[in-house]
Amino acid sequence: MPGAGAAPAGRAAGAAAGATEAHANGVSYADTRRFDELPVSRYTLDALREAKFVALTAIQRAALPHALAGRDVLGAAKTGSGKTLAFLVPLLEKLFRLRWGRYDGLGALVISPTRELAVQIFNELRRVGARHDLSAGLLIGGKGVREEQERVNALNILVCTPGRLLQHMDETPGFEAGGLQVLVLDEADRILDMGFAATVNAIVENLPRARQTLLFSATQTRSVADLARLSLRAPEFIAVHAEAAAPTPVKLQQVYVVCELHEKMDVLWAFIKSHLNAKTVVFLSTCKQVKFVYEALRRLRPGAPLRCLHGSMKQLKRMAAFYDFSQARGGAVLLATDIAARGLDFPTVDWVVQADCPEDVAAYIHRAGRTARYVSGGRALLLLLPSEREGMLAALAAARVPIRQIRLNPSKAQPVTPALQALLSKNAELKELAQRALVAYLRSVFLQPDRKVFDVAALPAAQYALSLGLPSAPQLRFLDHDAGEGGSNGGDVHGTGAAPAPAEEDDVRRRKKRRLRIQPGRASGSRVVFDEGGAPLPPLAQLAVVRDDGAPDAGEPANAAERFGAAAAELRARDAADAAAYRARRRQRVADMKARAKARAAEEGGARSYPRFWRLPKERTVLCHHFHVAEPGLVK
Ligand SMILES: Nc1ncnc2c1ncn2[C@@H]1O[C@H](COP(=O)(O)OP(=O)(O)OP(=O)(O)O)[C@@H](O)[C@H]1O
């Protein structure tokens, strides 16, 4: 066994996907099967052993030797195959080998696309990093940024969502990422897609180029542009299941049924009623659908506990739903949007039901991957509309997803529409939720880019409305508006009067929202003012002070750029002075703390006695957590 803590060096030319790995000292880690055969510190090994992680999974075997050798890695492996440890272990080891200490500032960043996934990664980090003398924080938004700002500069590892991280980079005085050693993107393809592009570009601008970058996902990007954006250095492409017969876990049984849109609620209801002892995740397209279906089913009491999870829930409720469903033993149903589709490791999920068709094959794989994790089995059901069938099945077949058709058993049919109609007739709030859900669904289909699968014109909106318990379909003007550019308003979907519902506040569908842009040159009012020659004046020009010679006065557009430039330079200079003063104060504070700690240690005869574990009270969103060395000198 190689000595713990020995850093591998050198690299096998053209090493393919973790196949071979030779090191300067002649030790090869290519055939390692257990964590304790890898060159990792005793601290990490002990924590792994305590968490009962002994044998390596395929992605861990392939990626860890490269990542521990300090290389950039792009890792792709099936859902539930253990990618989290494949980046957490190298991250901890890198900081450990650099003797990173609590006063060294930010050493590693882990970015996750959703808050729940960030929490999960943070918890895993707490388990495997419990013996290291490092501090870690979770920055996921949803609550005031102030309390995080007080602590964030003292943390060594941050697990965060992109938006909140950028907010700290912009707003937290003294936030410094210049010493960053490791950057990790979990669910990298999602973080690199259009929805997060601007945020990620801005984050990367603040990071040093000389760092190790680790990208992991079940469906991985290889886009050269993406890799250039992240300044990856000769990355290792590791795709352990690329040659596998299917991109989904072997123990995942996948089936689909074709049903009409207006039968969907009945099928879902019948499914839940006939699987009361199963732990099931049901995916719907939009937050509003999840809200309505949850509120309606809750009142109809199917007999299994229900939870919902979507992007417009308050943070604490989101977390509570996530934990409740994770802890559930036996029958439970989670109704969710795609924020639950990636990375979440709910234990022992029996069924994943994709009640609305996923936007593409990658989304299908991630959703289905919430079951059959690690070595467990699981089942996935996809509901397809007749209009989606051909396109979606062709895409799944092209990706080698093994899925077979099953037929609905008419004897098990349990129509729920009459009960919904009765509910909605008595409850105006629920009726409004139903209307919003219907509009949000049609809108989401309309916005889907893949026209081979999604055809809003083929949807029987009126019948669907009836099946939800509504007397009729609301009027949908957005379909009329855009009919010319591909969204036909034919079929059963009628476009008239009312405005569309506001776009979904959903992490996943956000990229489809039309962007609001401020156009500085554009007049905001409808009143146009003309000059004496009859030419329209730019906005506010009528308020300009004009000199006798007709030239604009100082303060007018010609001089404005200059004045703004001077003001901006002055502000920048003041900012720089403030930042320098802040850094000096911080350095002084740290030096004082160190001196005091040294003096105390000398008084106590050299014994180190740190609290083993410190964290904020549970109900706080900011989880800051310090790991401390119990005794120095454990590492051989
Ligand atoms: N070496 C191991 N031994 C035992 N269990 C492991 C090992 N590695 C990971 N696991 C467990 O397997 C489960 C799935 O791991 P993880 O969440 O890292 O998968 P993933 O590949 O990131 O999945 P996804 O693609 O869905 O994000 C977790 O419960 C994790 O604790």
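The figures here come from the full heavy-atom set of this structure, side chains too, leaving out hydrogens, waters and symmetry mates. Atoms within a ligand are numbered from 1 in the order they appear, just like the ligands themselves.
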Nearest protein heavy-atom contact for [atom]: which residue, which atom, what distance?
atom	value
atom 8 (N) of ligand 1	Gln60 NE2, 2.9 Å
atom 9 (C) of ligand 1	Gly82 CA, 3.6 Å
atom 28 (C) of ligand 1	Asp345 OD2, 2.9 Å
atom 3 (N) of ligand 1	Tyr374 OH, 3.0 Å
atom 21 (O) of ligand 1	Lys83 NZ, 2.8 Å
atom 1 (N) of ligand 1	Ala55 O, 2.7 Å
atom 10 (N) of ligand 1	Phe53 CE2, 3.8 Å

Electrostatic pair Asp345:Arg373 at N-O distance under 4.0 angstrom =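 Counted as a salt bridge, because a side-chain N and a carboxylate O are separated by less than 4.0 Å.
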Carboxylate-amine/guanidinium proximity below 4.0 Å for Arg367 and Asp356 |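 Salt bridge: no.
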Return yes when [X] approaches ligand 1 closer than 4.0 angstrom through a heavy atom, no otherwise.
X	value
Phe216	no
Arg370	yes
Lys52	no
Ala77	no
His366	no
Ser81	yes

Taking the six-membered ring of Tyr441, is the NZ or CZ of Lys288 close enough (under 6.0 Å from the centre) and on axis enough (within 45°)?
->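 No, Lys288 does not lie over the aromatic ring of Tyr441.
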Give the atoms of ligand 1, by number and element, whose distance to some non-hydrogen atom of Glu124 is under 4.0 Å.
->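 Matching atoms, with element in brackets: 31 (O).
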Proximal atoms of ligand 1 relative to Gly343 (non-hydrogen, under 4.0 Å) |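 Selected atoms, number and element: 24 (P), 26 (O), 27 (O).
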Between Arg373 and ligand 1, is there a nitrogen or oxygen pair with a distance under 3.5 Å?
->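 It does: an N or O of Arg373 is found under 3.5 Å from an N or O of ligand 1.
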Going by distance only, is there an N or O of Leu85 that falls short of 3.5 Å from an N or O of ligand 1?
->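 It does not: no N or O of Leu85 is found under 3.5 Å from an N or O of ligand 1.
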Using a 4.0 Å heavy-atom threshold (strictly under), name the region of Thr84 that reaches ligand 1: side chain, backbone, both or neither.
->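 Both the backbone and the side chain of Thr84 come within reach of ligand 1.
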Determine whether the side chain, the backbone, both or neither of Arg342 has a heavy atom under 4.0 Å from any heavy atom of ligand 1.
->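 The answer is neither; Arg342 stays 4.0 Å or more away.
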In terms of ring plane angle, is the pair Phe87 and Phe216 parallel, tilted or perpendicular, where the classes change at 30° and 60°?
->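 Aromatic pair Phe87/Phe216 classed tilted.
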Between Val110, Leu109, Leu192, which is the residue that forms a side-chain contact (heavy atoms from CB on, under 4.5 Å) with Leu185?
->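 Going through the options one by one, the only one that passes is Leu192.
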Got a second to check how far Lys52's NZ is from Glu50's CD, nearest 0.5 Å?
->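 Output value for this atom pair is 8.5 Å.
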Who's closest to atom 23 (O) of ligand 1 heavy-atom-wise, of Ala76, Gly80, Pro249?
->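 Nearest option to atom 23 (O) of ligand 1, by heavy atoms: Gly80.
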